[in-house]
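Reading through the structure tokens given below for one structure.
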Amino acid sequence: MSEPILQIAIPTPLRRHFDYRPPAGIDPASLTPGSRVEVSFGRRRIIGLLLGVAEHTDVPSHKLKRAAALLDKSPVVSTELLELLGWASRYYQHPIGEVMQHALPVLLRRESQPARRGSEHWQLTPAGLAAMEQTQKRAPKQAALLASLQARPEGANAAELDSEHVNWRPILKKLIEKGRVEMSLRATLPPPSEQRQSAPTLTGAQHTAVEQLLQQRDSFHCTLLDGVTGSGKTEVYLQLIERVLADKRQALVLVPEIGLTPQLVERFRARLNTPVAVLHSALNDQERYNAWLAAREGEAGVIIGTRSALFSPLPSPGVIIIDEEHDLSFKQQDGFRYSARDLAILRAQKLDIPILLGSATPSLESLHNVRQGRYQHLRLPERAGAAVFPRFLIQDVRGQKLEHGLCAQLLARMQQHLNQHSQVLLFLNRRGFAPVLMCHECGWHARCARCDAHLTVHRRQHKLRCHHCGSEQTLPETCPECQTGELLHMGLGTERVESALQEHFPEARIVRIDRDTTRRKGALQELLRQVHAGEVDILIGTQMLAKGHHFPDVTLVGLLDADYGLYSADFRASERMGQLILQVAGRAGRAERPGEVMIQTHHPDNPLLTQLAAHDYPAFAETLLQERAQAELPPYASLALLRAEAVDARAALDFLQAARDSAGPTGADQPLLLGPVPSPMERRAGRYRAQLLLQASDRQTLQRFLQHWLPRVEQLPDSRRVRWSIDIDPLEMF
Ligand code: ADP
Ligand code: ZN
Ligand code: ZN
């Protein structure tokens, strides 16, 4: 009998697996797919993943190498995950070796037998707890550190302290010397808290939702939990998870990147009688591996994480939950461009378990699936507890004099709220002082030398910066072109609004939250702490403010420029604008005091805005769905985007043209090929970019076409001269 052939996924950009002979002297029965295999590849030793065992290979026998060793006694990737990843590799047209990487923590990709080592954690001692009050007065930095540790009775790791404090190690060292903090090495998860919080009495709508979900918890159902901000969606998740845990099963919870806050994790830990594994980008390789082991060994009843946590091992899966399912961060935007939401639904289906998609502003895709009868729809129309939904005011600013972007009515209303000792939140999705610097004399504009873009004025740091490639230069004093003209700051950024507000409300304590003010580790946490401690009157910020935060003392939200979403070239812009407006509005009046939201606009009669203002997201979504249906855009069509970029101005377009030509004439049952065209921002970071859009009536049509076409594209001589990628179901069109 001939030797079996091992089909191995190897992390390379080649779109196929590689065949090897089994390691010498191995029992063929031990060759289980999903195990790691060490092989020589080119001149390197590499760890690959066994996909399957075959009887034949096309590789001539003298070229067939022998694998060096089988590394695992039992597979590290379950059959179920192998199938999911295999499917994803085909659907997203991404090389199998690179896709398989996503299922394995880095340590398993690098080391044959990584150890489960403890990582450092710090905890408050009883002496530390007793000393908290006196420290508060004498040593504020020590006190802040103690407070972070107090908030994490299970101990804090370095990543967590990094995210909240600057240069904390020397301070911690002092506290350890004083016996107020102790360090322990931890390789397992913190045990569940002994004094668990009890659940509130559910509202009627929550109760109905939980009952329905509990009845269906033994098989695949996809449910959209559509509940306004603060309606108690998280409470529904918690009650469902409690029962799933009682059934001795695990829950996988995916949250957006920005939504994974310590408060959310604490809420899960405080309520659930199970160790909670948390997976986020700040973990080091060892911590990530430990969390993976905790999931795999069933120690963690709940795994909560961002996008890639989808690939966690689940030996006894019970439910998958996607919080804020409309969020863009569930789609990976480079490399393996998968949608974690879409793959999670497929995973739940294969596992035959329920999946719950939660949002206050569901994506049009999910609403469409509800209408098609593919998802069940559960609604939470009211806020839970005492809070009521804020009142919307649409403020027509046409012809009005604006003071640094703020109209008189908004300024007056801010004054009223400040007089009542409430906080005000202003939202403007543009950082910097002004987006354009222009000469009044000769019309010169400051443009980026490497991008088709204006440079943004950052006045405080005295810089001009490109927000697309990061290049920067000193802010010129005079016009570099005519040497005489006055330089004008055109347009509005958060920094400008901040300084204008400082003049208008000299007494007010103002905080700006955007990427510029939060670059330093721990800075965001410190600013948020000030807001929560009532040390702030006005917050101005970008979309960093839109998610995950509760600002109970904010009673007025002002949206300075809601119009940008109404006329962007991206067909998804209005959907995003609406979601952002409602999410920002949802920060207001979450406690007992009702909130108000003022939207400044030049289009007060725009139906999209009036629907949002009437709290009618369903009507808003309906308007957009009709537009999409007419334009044959998703969710009524399936798209793929072939992107290319090159230093040479023509190369990307030429490659895409050749790609298009290689398709030959396309018939009625094939996708439309639109383009190639230069990308809306053609040059970025010194490279010229272009794109070819594929539009099909449905996924199958698109997939059938791609299967034949992409191998030809790959063979084109130009394919090695440009950087190119294919994006299936793209969310960003540029
Ligand atoms: P969402 O996830 O929809 O934004 P949360 O579950 O975070 O909503 O609930 C919002 C607030 O209302 C939280 O402070 C939560 O503790 C509270 N809450 C939720 N459900 C109830 C309830 N049934 N009774 C009282 N308070 C509730
Ligand atoms: Zn640039
Ligand atoms: Zn000039």
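Order of listing sets the numbers, starting from 1, for every ligand and every atom in it.
A donor and an acceptor atom, one from each side chain of Glu575 and Ser363, are nowhere located under 3.5 Å apart. A donor-acceptor pair shorter than 3.5 Å cannot be found between the side chains of Ser679 and Arg684.
Of all the heavy atoms of Leu380, none lies under 4.0 Å from any atom of ligand 1, so neither backbone nor side chain is involved.
In terms of polar-atom proximity, defined here as any N/O pair under 3.5 Å, Gly230 does make such a contact with ligand 1. Here's the thing with Thr229: none of its N/O atoms is less than 3.5 angstrom from an N/O atom of ligand 1.
Taking all heavy atoms of Ala205, Gly586, Ala384 into account, the minimum distance to atom 12 (O) of ligand 1 is reached by Ala384. Considering Glu324, His207, Arg383, Arg267 only, the shortest heavy-atom separation from atom 7 (O) of ligand 1 involves Arg267.
Annotation: angle subtended at the Zn ion (ligand 3) by Cys482 SG and Cys442 SG is 110°, to 10°. The SG atom of Cys439 and the SG atom of Cys479 subtend an angle of 110° at the Zn ion (ligand 3), given to the nearest 10 degrees.
By the neighbour-count criterion of 12 heavy atoms within 6.0 Å, atom CZ of Arg196 is densely surrounded, having more than that number from other residues, nucleotides or ligands.
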*asked:* Phe392 vs Leu582, test: side-chain contact (heavy atoms from CB on, under 4.5 Å). Steps then yes/no.
replied: CA-CA 10 Å; Phe392 277 79; Leu582 290 183; 3.8 Å; yes
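Set against the non-hydrogen atoms of Glu235, the atoms of ligand 1 under 4.0 Å away are 6 (O), 20 (N).
Pairing each heavy atom of Tyr617 with each of Pro362, the nearest pair is OH-O, 2.6 Å.
Residues Arg430 and Asp561 are paired through a salt bridge, judged by an N-O separation under 4.0 Å between the basic side chain and the carboxylate. Look at Arg643 and Glu732 and you find no salt bridge, because none of the NZ, NE, NH1 or NH2 atoms lies under 4.0 Å from a carboxylate O. Taking the charged nitrogens against the carboxylate oxygens, Glu535 and Arg529 do have a contact shorter than 4.0 Å, which makes a salt bridge. Between Lys233 and Asp323 there is no salt bridge, since none of the side-chain N atoms of the basic residue sits less than 4.0 Å from a carboxylate O of the acidic one.
Sorted by chain and number, the protein atoms of type N, O or S within less than 2.8 Å of the Zn ion (ligand 2) are Cys448 SG, Cys451 SG, Cys466 SG, Cys469 SG.
Assignment of Gly227 to the shell around ligand 1 is not supported, since no heavy atom sits closer than 4.0 Å.
Here Phe551 and His532 bring their ring centres to under 6.0 angstrom of each other.
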